[in-house]
Participant: 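Okay, handing you the structure first.
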There are 2 protein chains.
Amino acid sequence: MKFSAQEEYGLRCLLRIAQSNSPNGLTIPEIANSEKITQSNAAKILRILRIGGFIDSSRGQSGGYKLTRTPEQIIVADVLAQLGGRLFESSFCNDHAGMELICTNSIDCSIRSLWRAVQSVVDGVLNKTTLKDLIGNENQATILLNNFVEETLELKQS
Amino acid sequence: MKFSAQEEYGLRCLLRIAQSNSPNGLTIPEIANSEKITQSNAAKILRILRIGGFIDSSRGQSGGYKLTRTPEQIIVADVLAQLGGRLFESSFCNDHAGMELICTNSIDCSIRSLWRAVQSVVDGVLNKTTLKDLIGNENQATILLNNFVEETLELKQS
DNA sequence: TTTAATCTTGACTTTTTTGTATAGATTGCA
DNA sequence: TGCAATCTATACAAAAAAGTCAAGATTAAA
């Protein structure tokens, strides 16, 4: 299980833009340079973010990319969903969609319920994390959240 | 973010073996047939599970695959790690490995700490789920665990 | 209006992942 | 022993993901 390259780079580019204080935002060369990727690749990724409504672009001299909203208003889960096509995609057993609680015998549904459990905890973190949480000194928050959940999981187990 | 095909098929094949009550275990044709994959593909995946020490194989007539331990003793996180090469692999910022708590300014470390937060909650579920939890009627457990974590996350947020 | 800086798009190439084929090795049994 | 059932391993092929290239469109400013 892993994040795709596009998810990682996309989120990173978005963070660069969020952290910029230039009035024109950031240009493709600037972003590509900070992230050590080619301009083509940056353009491709920024396109996805623009279509997703996270950034606005303007062309010509003094053009560049800016956030469409404040960092507080951008949810990391939404960003990753846009970059990855979907957040989790469980393949099989679409027969029993919506009735996981009764379908307990097939392997399809065992796996499905496990995938859902994982999806649920990941969403729990990503839906409550905004771009702002990842900027500057605020990223302590995710570490704390992380520790908290670990504790509660252990609690539940004992 | 998603599980690879190998992770999904591997776990599914292992569950088939775990659920079998035949004294010889299951053969490749049987597994391939239940999972609707080719025998070649099943063989490839079963090889990984064998190398990981989750199953034993015996050849010749009356051969097949069996678990090396009871289902209770097989942790889903271990299985997925074997199938996927690793459980999560965060790419960048190896400069600051081990000092995440002080490195708060770079994007590298912001992303890294987010990835770690996600990894932590996923591990929380997968390290506490055994094959037994996924067999028969026991898979309710993962759903309950899931709900529990969701609640605690909401609690923390308010 | 011309130019330079910038974004936009689609096609293409490379790499990685996934899946298949084939030849071989081991075992149990008649 | 010889055969049939089984696993084993490596190389090959197909598909998907990632990354690159090149031509074009828009804009601001000289």
Side-chain angles (χ1 to χ4, degrees), chain A residues 1-13 16-17 20 22-33 35-52 54-68 80 82-86 89 91-92, chain B residues 1-13 16-17 20 22-33 35-52 54-68 80 82-86 89 91-92:
Chain A
M1 172 180 220
K2 67 173 186 181
F3 289 96
S4 71
Q6 224 173 48
E7 286 172 313
E8 172 125 14
Y9 282 126
L11 187 53
R12 293 167 68 90
C13 291
R16 291 279 177 199
I17 296 167
S20 157
S22 149
N24 294 328
L26 291 180
T27 66
I28 286 179
E30 286 169 333
I31 294 169
N33 197 52
E35 287 301 329
K36 309 273 199 308
I37 58 180
T38 63
Q39 297 191 13
S40 296
N41 203 7
K44 188 183 204 175
I45 289 163
L46 289 165
R47 179 173 191 253
I48 297 170
L49 291 171
R50 178 172 50 76
I51 290 171
F54 302 107
I55 53 178
D56 271 339
S57 61
S58 50
R59 300 208 244 194
Q61 283 182 337
S62 82
Y65 293 92
K66 295 182 211 174
L67 295 188
T68 55
L80 292 178
Q82 183 73 28
L83 290 163
R86 83 280 102 177
E89 113 181 330
S91 2
F92 303 80
Chain B
M1 172 180 221
K2 66 173 188 183
F3 289 96
S4 72
Q6 222 172 51
E7 286 171 314
E8 172 125 15
Y9 282 127
L11 186 54
R12 293 167 68 88
C13 290
R16 292 279 177 198
I17 296 167
S20 156
S22 147
N24 293 329
L26 291 181
T27 66
I28 286 180
E30 286 168 333
I31 293 169
N33 196 53
E35 286 301 328
K36 309 275 199 307
I37 57 181
T38 63
Q39 297 191 12
S40 294
N41 203 7
K44 187 183 206 175
I45 289 163
L46 290 165
R47 180 173 191 253
I48 296 169
L49 292 171
R50 176 171 51 79
I51 291 171
F54 304 106
I55 54 177
D56 271 339
S57 60
S58 50
R59 299 206 244 195
Q61 283 180 339
S62 82
Y65 292 93
K66 294 182 212 174
L67 295 188
T68 55
L80 293 178
Q82 182 73 28
L83 290 163
R86 82 278 106 178
E89 119 180 326
S91 0
F92 304 81

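Everything numeric here is computed off the predicted structure, so don't read it as measured data. Sequence lines set the chain letters: A, B, ... in the order given, protein chains first and strands last, and positions in each chain run from 1.
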Participant: Report the distance from atom CD1 of A:Ile37 to atom C1' of D:dC21, rounded to the nearest whole Å.
Facilitator: 15 Å
Participant: Looking at residues at least two apart in the chain, or sitting in another chain, which of them share a side chain to side chain contact (heavy atoms under 4.5 Å, CB included) with A:Thr38?
Facilitator: A:Ser40, A:Asn41
Participant: Closer than 4.0 Å, any side-chain N/O of A:Arg50 to the OP1 or OP2 of C:dC7?
Facilitator: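 Answer is no, no contact under 4.0 Å.
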Participant: Nearest heavy-atom pair of A:Cys13 and A:Leu46: which atoms, and what distance?
Facilitator: CB-CD2, 4.3 Å
Participant: Please tell me which of the listed nucleotides, D:dC7, C:dT18, D:dA18, lies nearest to the side chain of B:Thr27?
Facilitator: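 Side chain of B:Thr27 sits closest to D:dC7.
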Participant: Checking A:Ser62 now: which residues fulfil side chain to side chain contact (heavy atoms under 4.5 Å, CB included) with it, not counting sequence neighbours?
Facilitator: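 A:Asn24.
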Participant: What integer distance in Å separates B:Ile45:CD1 from C:dT18:C1'?
Facilitator: 9 Å
Participant: To the nearest Å, give me how far apart CD (B:Gln6) and P (D:dA16) are.
Facilitator: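 It is 16 Å, rounded to the nearest whole Å.
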Participant: Who are the side chain to side chain contact (heavy atoms under 4.5 Å, CB included) partners of B:Arg50, not counting sequence neighbours?
Facilitator: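 With neighbours one apart ignored, the set is B:Arg47, B:Ile55, B:Ser57.
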Participant: Please give, in whole Å, the distance from C:dG19 C1' to B:Ile48 CD1?
Facilitator: 12 Å
Participant: Which residues pass the side chain to side chain contact (heavy atoms under 4.5 Å, CB included) test with A:Gln39, sequence neighbours left out?
Facilitator: A:Ile28, A:Pro29, A:Ala32
Participant: What string of B, S and - do you get for nucleotides 22-30 of chain C, 5' to 3', when a contact is any protein heavy atom under 4.0 Å?
Facilitator: --BBBBBS-
Participant: Calculate the interatomic distance between A:Asp56 atom CG and C:dT8 atom C1'; express it in whole Å.
Facilitator: 15 Å
Participant: Would a 4.5 Å heavy-atom cut-off, applied to side chains only, mark A:Ile45 and A:Gln6 as touching?
Facilitator: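 They are in contact (side-chain heavy atoms under 4.5 Å apart), so the answer is yes.
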Participant: Would you say A:Arg47 reaches C:dG10's phosphate, i.e. side-chain N/O to OP1/OP2 under 4.0 Å?
Facilitator: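 Yes.
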Participant: Measure from the side chain of B:Ile28, starting at C-beta and using heavy atoms only, and say which of D:dC7, D:dG19, C:dT20 lies closest.
Facilitator: D:dC7
Participant: Between C:dT17, D:dT8, C:dG19, spot the one nearest the side chain of B:Ala5, thanks.
Facilitator: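 For the B:Ala5 side chain, the nearest candidate turns out to be C:dG19.
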Participant: Residues two or more places apart in sequence or in another chain: which of them pass side-chain hydrogen bond (donor to acceptor under 3.5 Å, both in side chains) with B:Glu30?
Facilitator: B:Thr27
Participant: How many whole angstroms separate atom CG of B:Leu49 from atom P of D:dT8?
Facilitator: 12 Å
Participant: Does D:dA17 have its OP1 or OP2 closer than 4.0 Å to a side-chain nitrogen or oxygen of B:Lys2?
Facilitator: yes
Participant: In whole angstrom, what separates B:Asn24's CG from D:dC7's P?
Facilitator: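 Spelled out: CG on B:Asn24 to P on D:dC7 is 10 Å.
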Participant: Tell me which nucleotide among D:dT8, C:dC7, D:dT20 gets nearest to the side chain of B:Tyr65.
Facilitator: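 The closest nucleotide is D:dT8.
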Participant: Please state whether the phosphate of D:dT20, meaning OP1 or OP2, lies under 4.0 angstrom from any side-chain nitrogen or oxygen of A:Thr38.
Facilitator: yes
Participant: Remember a base hit wins even if backbone is also touched, and classify B:Ile55 as base, sugar-phosphate or nothing at under 4.0 Å, heavy atoms.
Facilitator: nothing
Participant: Indicate yes or no for a side-chain donor-acceptor contact from A:Glu35 to the backbone of A:Tyr9 under 3.5 Å, with no hydrogens or angles considered.
Facilitator: no
Participant: Side-chain N or O of B:Lys44 versus OP1/OP2 of D:dC7: is the shortest distance under 4.0 Å?
Facilitator: no
Participant: Just how far, in rounded Å, is P of D:dT10 from CD1 of B:Ile51?
Facilitator: 10 Å
